[in-house]
Amino acid sequence: MSAGFVESDERFAGLRRFTVAVSDGRLAGLRFGTPGAPPLLFCHATGLCAAAYTPMFKALGDAVDGFALDMRGHGRSAGPGGPACGAEERRMVDWTRYAADIGAALDALTAAVTPQGPWTLAGHSMGGVSCLLASGGRSDVRAVRLFDPPLMPGPIWMRRGPIWNFLGRRLPIVQGAMRRRPGFESRDAARENYEGKRFFRDWAPEGFDGYMADGFLDEADGSARLACTPEWEAATFLAQGHTIWSAVSQLTTRAKGLRVWGGTGPDSPFRDVSRQRMRRAGAEVIDTPVYGHLWPLVDPGGAAAFIQDAARDGVAAGEAAAA
């Protein structure tokens, strides 16, 4: 076993827990599927955690050797031993820090588990965009699958300067994050509060259980606090100074595959201008009016099928490149 990857005997809902080293700490995660199957790394959306997607991981069955990360500042990665998320980190301007963590995780996992074939990266929302950024320049990534990626329009210089810092803080999603209640007197109180929220209403029940398990951290006095603090969630939403188009070009021109599922409802951050540009770049974009931004959480079987096809495509692409 590599020093960078440590698999635990502890399980959540039958999935194996692990940690993986990054530059300034360790990320937590869940392993699922079957060793020796095509390798998959999955990354969650802002404010969530890997365990929230447990129903989707189980629906994948034996199709993949799967690893799902709790991103920096989220889930169990926000606990002791996790990477830094202090005041300096909260002033991040883009998601390249998340992408660097994914790259470090891929290196550690590759050294530890000897993946059978090239990697498929998949992610929801922020996790998907971060996977896309991480794929750039990596010959061991043969497929990327994105669930409803948030791609901010406008020139990148605007999203990296003081004007954006002023305007971005007024975005409803940033203000909503800052208004979140940071903790509760107990886990039971947190669950009672969240069960009535519209955001969770259509989730698969086991996914909601996963979020309640790993989306909160226990305090010494018995209270429970959000693993992803309101400040960190808001900082992530605000940090839009990245560009993904170089990575998109690499994926669509170097025997790699890029497939994007885009929501078409009002809650989707995948706007038409990005949808059209993705298609022009050669990505396959799938639209559906049935589900909104939370598709992987409310239809885990359908989301698993989307990823399973990706894993097969990744293997085929790897074999073609080696021929």
Side-chain angles (χ1 to χ4, degrees), residues 2-8 17-32 39-53 66-113 115 119-141 144-147 149-150 214-215 217 227-229 231-244 246-247 250-251:
S2 166
F5 169 74
V6 178
E7 192 164 12
S8 169
R17 292 195 182 278
F18 69 86
T19 62
V20 63
V22 293
S23 61
D24 54 350
R26 301 190 73 86
L27 299 177
L30 294 171
R31 188 177 187 180
F32 53 94
L40 166 74
L41 181 67
F42 178 84
C43 298
H44 60 77
T46 304
L48 300 182
C49 58
Y53 300 81
F67 302 85
L69 294 177
D70 283 341
M71 304 292 276
R72 175 180 295 254
H74 292 74
R76 289 200 164 197
S77 295
C85 296
E88 290 299 319
E89 291 278 338
R90 285 196 291 271
R91 287 196 283 270
M92 61 181 169
V93 298
D94 57 33
W95 290 348
T96 56
R97 193 70 192 89
Y98 287 129
D101 287 345
I102 294 169
L106 282 173
D107 291 340
L109 290 169
T110 297
V113 304
W119 285 92
T120 291
L121 306 185
H124 180 203
S125 196
M126 174 274 291
V129 173
S130 298
C131 283
L132 185 56
L133 292 170
S135 73
R138 294 195 69 108
S139 60
D140 58 344
V141 174
V144 176
R145 297 300 183 257
L146 309 181
F147 292 101
D214 287 1
L217 301 176
C228 180
T229 66
E231 294 83 6
W232 184 248
E233 185 176 12
T236 299
F237 286 140
L238 186 62
Q240 297 295 322
H242 43 270
T243 180
I244 51 88
S246 174
Q250 291 181 50
L251 284 164

Where do [X] and [Y] come nearest, in terms of heavy atoms and distance?
| X | Y | answer |
| --- | --- | --- |
| Met71 | Ser130 | CE-CB, 4.1 Å |
| Ala239 | Trp95 | O-NE1, 3.2 Å |
| Leu40 | Ala122 | CD1-CB, 3.9 Å |
| Ala50 | His44 | N-CD2, 3.7 Å |
| Pro83 | Val22 | CB-CG2, 4.1 Å |
| Ser135 | Ala247 | OG-CB, 4.1 Å |

Between Leu106 and Val141, does a side chain to side chain contact (heavy atoms under 4.5 Å, CB included) hold up when you go through it step by step?
CA-CA 10 Å; Leu106 282 173; Val141 174; 4.2 Å; yes
Side-chain donor-acceptor pair present, Thr236, Arg97, cut-off under 3.5 Å
no
Passes salt bridge (Lys or Arg N to Asp or Glu O under 4.0 Å), Asp24 versus Arg72? Steps please.
CA-CA 10 Å; Asp24 54 350; Arg72 175 180 295 254; 2.9 Å; yes
Supply the atom-to-atom distance [X] [atom1] to [Y] [atom2], rounded to the nearest 0.5 angstrom.
| X | Y | atom1 | atom2 | value |
| --- | --- | --- | --- | --- |
| Ser246 | Leu133 | OG | CG | 9.5 Å |
| Leu69 | Leu109 | CG | CG | 7.0 Å |
| Leu27 | Ile102 | CG | CD1 | 9.0 Å |
| Phe237 | Thr46 | CZ | OG1 | 4.5 Å |
| Asp107 | Phe5 | CG | CZ | 14.0 Å |
| Phe42 | Phe147 | CZ | CZ | 6.0 Å |

Just by distance, do the side chain of [X] and the backbone of [Y] share a donor-acceptor pair under 3.5 Å?
| X | Y | result |
| --- | --- | --- |
| Ser77 | Gly82 | no |
| Arg26 | Gly4 | yes |
| Ser8 | Arg17 | no |

So do [Y] and [X] actually touch side chain to side chain, heavy atoms under 4.5 Å?
| X | Y | answer |
| --- | --- | --- |
| Leu132 | Leu251 | yes |
| Val129 | Tyr98 | no |
| Phe67 | Pro115 | no |

Working for side chain to side chain contact (heavy atoms under 4.5 Å, CB included), residues Tyr53 and Leu30:
CA-CA 10 Å; Tyr53 300 81; Leu30 294 171; over 6 Å; no
